[in-house]
Amino acid sequence: MSEMTFNLRVWRQANSESSGRLVDYTAERISEHMSFLEMLDIVNDKIILEGDDPIAYDFDCREGICGSCGIVINGVPHGPNPGTTSCQLFMRHFKADETITIEPWRAKSFPLIKDLVVDRSSFDRIIATGGYISCNTGAAPEANNTPIPKDIADEAFDAAACIGCGACVAACKNASAVLFVGAKLQHLALMPQGQAERDRRALRMVDQMEAEGFGACSNEGECEAVCPKEISTKHIARLNRDYMRAAVKQALRP
Amino acid sequence: MILDGQVPGGPIADKWSKHKSDMSLVNPANRRKYDVIVVGTGLAGASAAASLGEMGYNVKAFTILDSPRRAHSIAAQGGINAAKNYKNDGDSVHRLFYDTVKGGDYRARESNVHRLAELSVNIIDQAAAQGVPFAREYGGMLDNRSFGGAQVSRTFYARGQTGQQLLIGAYQAMMRQVDSGQVKLFTRREMLDLVVVDGKARGIIARNLLNGELEHYAAHAVLLCTGGYGNVYFLSTNAGNSNVSAGWRCAKRGALFANPCYTQIHPTCIPESGEYQAKLTLMSESLRNDGRVWVPQKDGDNRPPELIPENERDFFLERKYPSFGNLVPRDVASRNVKEACDAGRGVGLTGRAVYLDFADSVRRLGSDVIADRYGNLFDMYYKITNENPYEVPMKIYPAIHYTMGGTWVDYHLMSSVPGLFVLGEANFSDHGANRLGASALMQGLADGYFVIPATLPNYLANETFGDAPTHSDPFKEARNSVQSRIETLSMINGSRTVLEFHRELGGIMWNQVGMARNEAGLKDALVKVRELREQYWQDVKVVGHTEDLNKQLEFGLRVADYMEFSELLIRDALARRESCGGHFREEYQTEEGEAKRDDENFSYVAAWETHGNDREPELHKEQLSFENVEVKMRSYK
Ligand SMILES: Cc1cc2nc3c(=O)[nH]c(=O)nc-3n(C[C@H](O)[C@H](O)[C@H](O)COP(=O)(O)OP(=O)(O)OC[C@H]3O[C@@H](n4cnc5c(N)ncnc54)[C@H](O)[C@@H]3O)c2cc1C
Ligand code: FES
C-alpha cells in the first residue's frame, strides 16, 4: 500500500470574534484508503502531541447521511467528488504531494463557531415554521387508506433525501437556501397528506428563510452541483410556484 | 434490592390495553405544570419529545449534535418491522412477538415484547401520516420485504434510508412543538450527570459544548434516550458521538445496568482497511436477501473470485442452514464468517473477509432491479472500497453494531431511580440476548410515540414533588463532581491522545470480549482494561481550553467512562456461564458449534448495581418466565 504526503492549508479561527487565517500543515503517511476525515484525525493527533489546539470539525455518522460534516475543500463544498459528503471522500481522489485548501462553510446565516465548525441552526428554525405535516401522535389513520402512486412516492423520497448539511448555501454566491427549502416543500407537497398545510407551509418557510438572512436565488445551479444527495434544482422552480400561488391566494382572501 | 418489572396481570394479549385504561392520567390543564427533560434526539427521543409536547407537557430536549436531525438513528438503512400482514403471508402480532422472543434467545421479558409487537402497526400509520416516503407498490400500497431471518415480509422501508426518513418524520413533529413553544431545544449540549433529589431523578447537568459552561436543568422526570454503547469497541457501525456516558453516569447515581454483555455483531460490514480507521460501515442486512455468502473451499486460494468455479466455492450458510440459508440471524451468520476466516479461508488483503455475491441475482433479476433495491448501498460500497459490486462480489466482515444491554427498566420504562425513564437502544428491554433486524427502529418509536405518553403521566400523577431548585445542594454536588472530573482530565497533560487510548481499549474488547468469549480471555481482559484505565488517568493528553468548543475534552470524558463501563461488560460476560444470542462463550456450545443456553441457571436479566471503581458491582436478578412461548433450542437448520 503506497503512502502519500499532502500539504494542507487549513482555516484556523478561534471563535467568531477573532480573525482567522490559513495555517499550513503536513499530512504524512496517508493511505489512499483513508477517508478525508481520517486524514484530518491523523493530523490532529500530531497537533495534540505537539501541545497545540487541534483543528475543530463536525462529524457524526461518517457515512454521508447525518449531514454533520461540511468542509470546503479546494474551494468546493464537500470537495471534488460529485454526490459525496466530506466524510465519504477518500484520499485516493487526491494526488500525492498535492496542496489541499480546507475551509469552513461561509455564509452570513451560518455564523462561524470555530475553525471549520459553523452554526447551521437557521435550518432548524426554518423547519420549525412549517416543515412538517401536522398530525398528533395517535391521530393517524390506517396507513393503506391513503394510497400514493409509486412514482409520486419515489419523487417525494428524492426530495426528502436532503441531509441538511448546508453545502447548497456554501456553494451559492448569494448564500441562498432555496434548494434546502424547496426540497422540503416538495417532499411534503407531493404527498396527499401534505395538502392541507401546503400554502401556509410555503409562506411561512420562505418568510423564515428570508428572515434568517439567506440570499435570493439567481439560478447559478451551484447548489445542485455540490449537493451530496444530488437534489435537483427543479424543486426551486416549484418553490417559487408554490409560494406565488399561496401569496396570491392570501392576497385575494377577503 | 428486589427487582420488580411491574408487569401487569392478565392474559398477555390484553395486558397493555387493560393496563392503559388502569393507569392514572394528568388532566390537560395540569400538564403544563410538569417539566420533562429528554436527553438525545434519535428516534426514541424525538418521538417522545414530540408526543409529550403535543400532550401539553413542558419538554426540554438535549442533543450533543448541532441539530436534532443528525442523531445516530439517521444512519439506519434496512427497515422497520410491523405486523400489518399486508402480504397475507401469515403474519400477526403473535408471530412478531414469537419471532422476537425466539430471536432474542429467550432472554427478554415477554410482556414488553408483546406490547412492542402490538404497537408496531400504529408506528407505520403514524409515520405514513407524517409524510415518511415509504417504498410503495405500483397500486400505491405500502411495500414490504423480508428481512434478517424472518419468514414473513413485514419490513417497511424507504430505499436504504429508512432510519433517515423515520427520524426526519419524528424530528419534524418535534420541531412543530418547538414552534409552538412546548419543546425547548438545547443543541450542542451533553448531559454529564443526573441529579437525584430525595431519591427521585429531578434534573441534569449538561455541558454547553460551545463555551464549556456547566448548566443545570430541573424537571419532574428525566428521559434518557441516548442510544447504545457499541463504541466501547472503538470500531463499530455507530456514529462518532454515540457514547455510554449518560447511561453510565446514571448507573453511578443508582440506576441498575442490565445485561451489558449482550452486544450484537452485524455480519455484513465493510472490512477494516487499516489502523487509522475511525469507524466501520454497515452494509444493510437486506443485502442477504439477494446476495450469497461464500469463501473458496481451499484455504489460501487467492485467485480472484471470478476465476473460482462454482464447485470450488463454499456457500457455507446455505450448506449448514438449508432452511434459512443466507438469512440466518445475525449472531449465527457472524460466527460462521469468523469461523471461515479463522480456518484460513477468508479473502481480501487481510484474510478477514468473505464474499457477498450478487452475480446470480443480477443474472436472474437484472441490474435495474438490484439497483432499485440496493442502489445507494452499492454506491456507498463503491465510494469506500473503489470496487463495483455489480461486477465483483462485495467483501464483508462482522462488526459491532448494536447493544441489547442497557439501563434496566420496568414495564413502564422506568429505571430503578424513580423518575428516570429510559427509551430506545439505551434501555435493555425488548430484544433479549439478540435483536432481530428492523426491530430497533420499531422499539425506539414504540417507546417514544406510544409507551412513554401512557406511562409517564401515571408516574407524575402518583408522585408528590417537593421543590428541587437548581441552586440546591444535589445540583451543586453533581455540578462540582463534573467540574472536578473535567479539571483532572485536562490537567494530566500526558503523552498519548484520547484516540490512541480508545483504539487500544477497543482492541482488547474486540479480541477478547467480541464475537467469541472464554473465561481465560475475559479474566485477562479485565486486568488489561483496569491497567489501561490507570494509564489513562496518568498519561492522556487533552489539550485546549475547558471553556471553549473542545472536542478532545468531549471525547476524553466519554473514553474515561468507557474505561469504567467496559469492566462491567466483561464482568457480566464472565458471570453469564452460558451462550445465548450475541453472547457466545466458547465453553458452552453444542457439538455442532451452536450457542448452548442454560435455561435452568441463567434465565434471568442480570441487573448490576455499581459501587464505584474500587468495589465489585452487585448482581440483582430479574427472573424471566415464559408462559406464552415454548422455550426451545434455537435452530435455523
Ligand atoms: C448503520 C446502522 C444501521 C442500522 N439499521 C437499522 C435498521 O435497518 N433497522 C433497525 O430497526 N435498526 C437499525 N439500526 C439500529 C438503530 O438505528 C438504532 O438502534 C436506533 O436508531 C437507536 O435509536 P435511539 O433513539 O435509541 O438512539 P440514537 O439514535 O442513538 O440517539 C441517541 C442520541 O443521543 C445522543 N446522546 C448520547 N449521549 C448524550 C448525552 N449525554 N447528552 C446529549 N445527547 C446524547 C447521541 O449523540 C445520539 O444522537 C441500525 C444501526 C446502525 C448503526
Ligand atoms: S459525518 Fe455524517 S454526513 Fe458526514
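All values reported here derive from a predicted model rather than from experimental measurement. Every chain is numbered from 1, with letters handed out A, B, ... down the list of sequences.
For B:Val121, no part lies near chain A; criterion is any non-hydrogen pair under 4.5 Å. Contacts of B:Asp548 with chain A are made by side-chain atoms alone, with heavy-atom separations under 4.5 Å and no backbone atom involved. Using a 4.5 Å cut-off between heavy atoms, A:Leu49 contacts chain B through both its backbone and its side chain. Neither the backbone nor the side chain of B:Leu52 comes within contact range of chain A; no heavy atom of the residue lies under 4.5 Å from a heavy atom of that chain. Contacts between A:Ala56 and chain B at a heavy-atom distance below 4.5 Å involve the side chain alone, from C-beta outward. In this structure, no portion of A:Asp119 lies under 4.5 Å from any heavy atom of chain B. Looking at A:Leu89, there are no atoms closer than 4.5 Å to chain B (heavy atoms on both sides), in backbone or side chain. Interface residue B:Tyr171: only side-chain heavy atoms are found under 4.5 Å from chain A. With a 4.5 Å cut-off on non-hydrogen atoms, B:Ile168 touches chain A through its side chain but not through its backbone. Contacts of B:Leu210 with chain A are made by side-chain atoms alone, with heavy-atom separations under 4.5 Å and no backbone atom involved. B:Arg159 touches chain A through backbone and side chain together, each having a heavy atom under 4.5 Å away. Of the two parts of B:Ser180, neither the backbone nor the side chain holds a non-hydrogen atom closer than 4.5 Å to a non-hydrogen atom of chain A. Looking at A:Arg29, neither its backbone nor its side chain comes within 4.5 Å of chain B, counting heavy atoms on both sides. Only the side chain of A:Ile42 comes within contact range of chain B, judged by heavy atoms closer than 4.5 Å. Only the backbone of B:Thr385 comes within less than 4.5 Å of a heavy atom in chain A; its side chain stays farther off. Contact annotation for A:Ser35: neither backbone nor side-chain heavy atoms come within less than 4.5 Å of a heavy atom of chain B. Only the side chain of B:Gln77 has a heavy atom closer than 4.5 Å to any heavy atom of chain A. Neither the backbone nor the side chain of B:Asn211 comes within contact range of chain A; no heavy atom of the residue lies under 4.5 Å from a heavy atom of that chain. Both the backbone and the side chain of A:Ala161 come within less than 4.5 Å of a heavy atom in chain B.
Taking CD from A:Glu32 and OG from B:Ser273, the interatomic distance works out to 9.5 Å, rounded to the nearest 0.5 Å. We find the NZ-OG distance between B:Lys541 and B:Ser490 to be 12.5 Å, quoted to the nearest 0.5 Å.
Highest contact tally toward chain B, considering only A:Asn136, A:Asp52, A:Asn145, is held by A:Asn136 [criterion: heavy-atom pairs under 4.5 Å]. Heavy-atom pairs under 4.5 Å with chain B were tallied for A:Ile127, A:Leu37, A:Asp53; the largest tally goes to A:Ile127. In terms of heavy-atom pairs under 4.5 Å with chain B, the best-connected choice from A:Asn81, A:Asp158, A:Asn15 is A:Asp158. In terms of heavy-atom pairs under 4.5 Å with chain A, the best-connected choice from B:Gly169, B:Ala127, B:Ala128 is B:Ala128. Most heavy-atom pairs under 4.5 Å with chain A: of the set B:Arg69, B:Met380, B:Glu500, this distinction falls to B:Arg69. The candidate with the highest count of non-hydrogen atom pairs below 4.5 Å against chain A, out of B:Asn238, B:Asn550, B:Leu549, B:Leu185, is B:Leu549. Highest contact tally toward chain A, considering only B:His545, B:Lys279, B:Gln130, is held by B:Lys279 [criterion: heavy-atom pairs under 4.5 Å]. Ranked by non-hydrogen atom pairs under 4.5 Å with chain B, the options A:Arg120, A:His93, A:Met191, A:Glu155 are led by A:Arg120. In terms of non-hydrogen atom pairs under 4.5 Å with chain A, the most contact-rich of B:Met175, B:Arg176, B:Gln161, B:Lys383 is B:Arg176. In terms of heavy-atom pairs under 4.5 Å with chain B, the best-connected choice from A:Ile133, A:Thr146, A:Asp151, A:Ile152 is A:Ile133. Here A:Thr84 is the residue among A:Thr84, A:Asn44, A:Ile47 with the most heavy-atom pairs under 4.5 Å with chain B. The most heavy-atom pairs under 4.5 Å with chain A, out of B:Arg496, B:Gln277, B:Arg188, B:Met174, come from B:Arg188.
For the residue pair A:Lys184/B:Gln172, the side-chain donor-acceptor check at 3.5 Å is satisfied. Side chain to side chain, A:Thr137 and B:Glu54 meet the donor-acceptor criterion of an N or O pair below 3.5 Å. B:Asp143 and B:Tyr86 share no donor-acceptor pair across their side chains, judged by distance under 3.5 Å alone. A donor and an acceptor atom, one from each side chain of A:Asp45 and B:Thr497, are located under 3.5 Å apart. Counted by atom type alone, A:Tyr25 and A:Arg12 present one or more donor-acceptor pairs between their side chains at under 3.5 Å.
Using a cut-off of 4.0 Å between Lys/Arg side-chain N and Asp/Glu carboxylate O, A:Asp58 and B:Lys551 are scored as salt-bridged. The pair A:Lys150-B:Glu137 does not meet the salt-bridge criterion, since no charged nitrogen lies less than 4.0 angstrom from a carboxylate oxygen. A salt bridge links B:Arg70 with B:Asp66; the closest basic N to acidic carboxylate O contact falls under 4.0 Å. Taking 4.0 Å as the cut-off between side-chain N and carboxylate O, B:Asp179 and A:Arg204 count as a salt-bridged pair.
What you find for A:Phe214 and A:Ser122 is that their closest heavy atoms are CZ-OG, 3.3 Å. Scanning all heavy atoms of the two residues, the minimum distance from B:Leu167 to B:Gly42 falls at CD1-C, 3.6 Å.
Summarising the local packing, NZ of A:Lys46 is surrounded by more than 12 heavy atoms from other residues, nucleotides or ligands at distances under 6.0 Å. At most 12 non-hydrogen atoms from other residues, nucleotides or ligands lie less than 6.0 angstrom from CD of B:Glu275.
In summary, the aromatic rings of A:Phe180 and A:Phe123 are positioned with their centroids under 6.0 Å apart.
Scanning for salt bridge (charged side-chain N to carboxylate O under 4.0 Å, His left out) contacts around A:Glu142 gives B:Lys84, with sequence neighbours left out. Among residues two or more places apart in sequence or in another chain, the ring pair (Phe, Tyr, Trp, His ring centres under 6.0 Å) test is passed with A:Phe94 by A:Phe36.
Within residues 193-201 of chain A, the residues having any heavy atom under 4.5 Å from a heavy atom of chain B are, by residue number, A:Gln193. The interface of residues 110-117 of chain A with chain B, defined by heavy-atom distances below 4.5 Å, comprises A:Ile113, A:Lys114, A:Val117.
Using a 4.5 Å heavy-atom threshold, the side chains of A:Phe157 and B:Gln165 count as touching. At a threshold of 4.5 Å between non-hydrogen side-chain atoms, the residues A:His33 and A:Met91 do not count as touching.
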**Check against side chain to side chain donor-acceptor pair (under 3.5 Å), A:His78 and A:Thr85** = CA-CA 5 Å; A:His78 290 310; A:Thr85 53; 5.4 Å; no
**Message:** Test side chain to side chain donor-acceptor pair (under 3.5 Å) on B:Asn144 and B:Tyr157; report intermediate values, then the result.
**Reply:** CA-CA 7 Å; B:Asn144 296 140; B:Tyr157 64 102; over 6 Å; no
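Under the 3.5 Å distance criterion, the side-chain polar atoms of B:Thr187 are left unmatched by any main-chain donor or acceptor of B:Leu65.
Geometrically, A:Arg62 engages A:Phe59 in a cation-pi contact defined by less than 6.0 Å to the ring centre and at most 45° from the axis.
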